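The structure appears right after this line, and notes come after that.
What you see is a predicted model, and the numbers here were worked out from it, not measured in a lab. Every chain is numbered from 1 and lettered A, B, ... according to where its sequence line falls, protein lines coming before strand lines.
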Amino acid sequence: MKTNTFRVLSLFLALGLVLTGCSKDPDPADGNYGSGIYVINEGNFNSSNADISFITRDGFDIFNSIFGGANTGLILGDVAQSMTIEGEKAYIVLNNSNKVVVANATTFAAQSEITGLSMPRYILVYNGKGYITEWTSYVSTGKLHIVNLSAGTIENSVSLNIFPEKLLAANGKIFVTNVGDSTVSVINASTGSLSATVNVGEFPNSLVQDGNGDILVLCGGFTDFGGTDRAGKISRINTSTLAVTDEVVFSNNFFHPTNLCKAGNTLYFGDYAGVYAYTTGSGTFSETPVISRSVYGLGVDPANGTILVGDAGNFTSAGKVIRYNASYQVLDSATAGIGPNGFYFRN
Amino acid sequence: MKYILATGFSLWMGSFCTSSLNAQVDSSFTTTVDEVVVETLRMKLVSFLDTTGNLHTIGYQSLADQVTELVPAYMKTNSQGMSSTISLRGGGAERTPVFWKGFNIQSAMLGQMDYSLIPAFGFNSVSVISGNMSARLGSGALTGAVQLENQQMSAGNWNISAGQEIGMYGTYTTRASVSAGFKPTSVQVSYQRISSDNDFRYTDYSTIGFPKKRAVNGQYVSHALIYDQVVRLKENHSLNIAGWWQENSRRIPPALGAANVNARQYDRNIRAMLGYTGRWKKWTLEYKAAYFHDDLNYYDNNLADETFVHTAQQMLTTDIRLLRKFSVSAGADYQVYFPTSKFYPSIPVEHRGSVFVVLKSNLISRLFMELDVRQQWLSTGVPAPVFTLRTFSGFGPVNRCRIYLRAEGGNGYRVPTLNDRYWTPGGNPNLEAEQSWNASVSAELKGKRKYLQWNTKAEGYFHHIDNWIQWIPLDQGYWGPVNFRKVITAGIEISARLDWTFSRFSLHTSGFYAWFYSYNMEPGDAYGKQIVYQPDHQAYLEQGLKWKRLYVKLRGRVTGQRYTKADNSFVLPAYFTLDLSANYRIVTRVIDVDVFVATNNMMDTEYQTIQGRPMRGFYISGGFQLSLGNRHFTKRSQNQ
């Protein structure tokens, strides 16, 4: 009996090895996308020319218009604001189409749409639910929609402050920056209700969680076209007490960075002049860019720590994606779509 | 021979490389038919217009549609009834100004003219001029210009007309016109109202499954009243009083795949002009003063932009005939702008002026020459002077054929718009005027047999535009205009027309083909690429048939692919459209009735002229027009 059991197990093991050996990673050349870098090309406003590009990590080979290529004749939508992938589904937020397009994450074949939104911005998938921020309008407060991803319907909506933007889950809570004022909204993920509003710096536009579990919020500061700008800052929020425990205030009133990302203890953010680095806890910050290149999209690949910059150029031509190493040396570059505003890194 | 040359030259000069059209059904202007036909024939020498004159247009076509029948112009529009601009020879709408009574009526803010706001019905002469006309007409006419004119009735003639057209998608057009000529004065008043639900069906390529949908938020209504009067003070001295009031309310449909934000636009234009013309033995003097008030108000769920500009203008021109074969025209114009906008926190009053001289000569046998020179001044700067030299020769008849040759060269300019300089944020007060150099040559052959007339023309052109003004994202994080692009454009335009008339049957075939090439010299991804929204090929073919009082017209148009991005990474595919229309005139002793039916886009072609803006598919409309004039009473008295 033992022998038979051993033989059966050996047979299954051998079969498994054979099958594993025969399987291949998805091949982008065949329209199958897997591990790599996804570029969100927002397109021109009111032109519905948004699309997604895929870049391989190894050769930095770029495959543009992967949504258009997988869905002949189908327009993705107007202004692709962001994208996330959960399991085998890609969720692409179309800001000026008021919808989220759901596509197969390997082939990018369109599957369904989440509608009923108004100026949606970012999506987070947490505990099987979708959390979508929306501005609602330019003249009102925004919302966070909690979505049943299986049904593609909105289960619950939470009114937030002005222009809810990027969001992040930590310690059982959803943290949402309100880029139209000076607050971060905190939603209890269990109840789906607003539990607190934390005051940070002016115009918080992005956030990350550091190694201590704290939330770091990049506040861009106040931009006034008349010349009375005010400086931004980085605020640290304790996810348990929701207290702001630390702040780094920028010295230049006209410095308005966005796109906060992190690689270990180093924070990166950018503006029209380049990419800036700040080591958490150092207490000092230099407003000299470590990478001098206009930043429209910024990301740090968690797989290898390389820095990706999306340069939208003048929006009248395709944008560029440039990859830098941790020493800020250019490794690769590629031509993407119109207005590369962000990245999704898939392992 | 002299007569031929002089005639040819005057025709050529009068409408230099122009095409002209009778901008309406025109059966209403029966008593001006002679004038119209004369004008048409006159222009035909260079533009191959329909010799049937008053039947040139069937149905109530828009001005933009009519212009694109005549010359290789590219019309960009969001949709029917929505903002429409026309570009000649790749210059874009900013470089193709529109003139009314000699004044540039482009929006001072945008530097463009919305053709959907021009009531074609109100003008019975429209000239389309391809090529650089800066030295003659002023700022902006780098690649072409459009001129709107009215022709007054001669004394003793009058006409009243009214008509109605009904089309698909709840489209209604109402028109009425009164024209009368008396000994001391002549007057013409036209009114037009157009409204439409504009909810045409289109394929939604932004939704999975490509469902057919009806366009939303596309309704529009517009009213226009045009008044034109000439008062003869005494022999060779006259006053011209003209006014143009227009109000448009329209909703703007969302782009394909974009959300409906209930965008809507209200425009109001008031234009008034007073002119004096005096003629003496060897010189003429013309003085015009005009006032424009332009409102441009845009609203949607998130924005409310209200802008208006008052413009006062004056123009003084004199023509002096120095010798029998030499004449001089000289003049000056002056404009002052008072703009107000929510997005202009503080904008100075802008003054502009220019002086110009036109020298005409036929001192050399068979060679006519013209030199235009203009110098512009602005309160914000002084662009370089511009000039254009034109030469013209005519030969024939040889074997009943005549040939005309011409060549021109010069430079042009376009000053920045108010938005370019003062928009907040982004306006750039330090922008320099665009500068261009151009050259063109053409040859035209026309001939005539007993029942047959033909006409063919070929023209090649070249433009180099420097300091091209382009809005781009700035380092400050918002968009603004900069001088940066150098563009070279070149092209060939070939047109032909054949008319065959036998008894009460006539047939005409006309058309054109245009090839366009451009080279972007700005370093970067766009270097060496074709400029955006300019078809590389265009072709148009029109077949008209007239039998007794029935006129049928078939039109086909091919528009080549157009790039929508400077690096040519996005392209709109080529398309073909076909239109068929018919008009039957019922002539009675008391009134003439024109009954017409017109179809557009018979093959239901799906196409876009602007990326993401689907155009209307198959469309049919029908209507009638009643005309009553002194001609009927003359007939009656003759019959009696």
Proximity breakdown for A:Asn44 and chain B, heavy-atom pairs closer than 4.5 Å: side chain
Non-hydrogen side-chain atoms of B:Lys565 and A:Ser317 separated by less than 4.5 Å: no
Which portion of A:Thr72 sits near chain B, non-hydrogen atoms under 4.5 angstrom: backbone
Largest heavy-atom contact set with chain B, pairs under 4.5 Å, which of A:Gly77, A:Ala110, A:Ser140, A:Ala318: A:Ala318
Top contributor to chain A interface from B:Ser206, B:Ser569, B:Gly209, B:Pro254 [non-hydrogen pairs under 4.5 Å]: B:Ser206
Contact leader toward chain B among A:Leu94, A:Asn64, A:Thr335, A:Asn46, where contacts are heavy-atom pairs under 4.5 Å: A:Asn46
B:Phe210 versus chain A, the contacting section by heavy-atom distance below 4.5 Å: side chain
Pick from B:Asp567, B:Asn568, B:Asp204, B:Ile208 with the largest number of heavy-atom pairs that fall under 4.5 Å of chain A: B:Asp567
Shortest non-hydrogen contact between A:Ser48 and B:Ala258, atoms and distance: OG-N, 4.0 Å
Structural part of A:Ser65 lying under 4.5 Å from a heavy atom of chain B: neither
Spatial distance of atom CD1 (A:Ile75) from atom OG1 (B:Thr207) [nearest 0.5 Å]: 9.0 Å
Residue pair A:Ile338 / B:Phe570, side-chain heavy-atom distance below 4.5 Å: yes
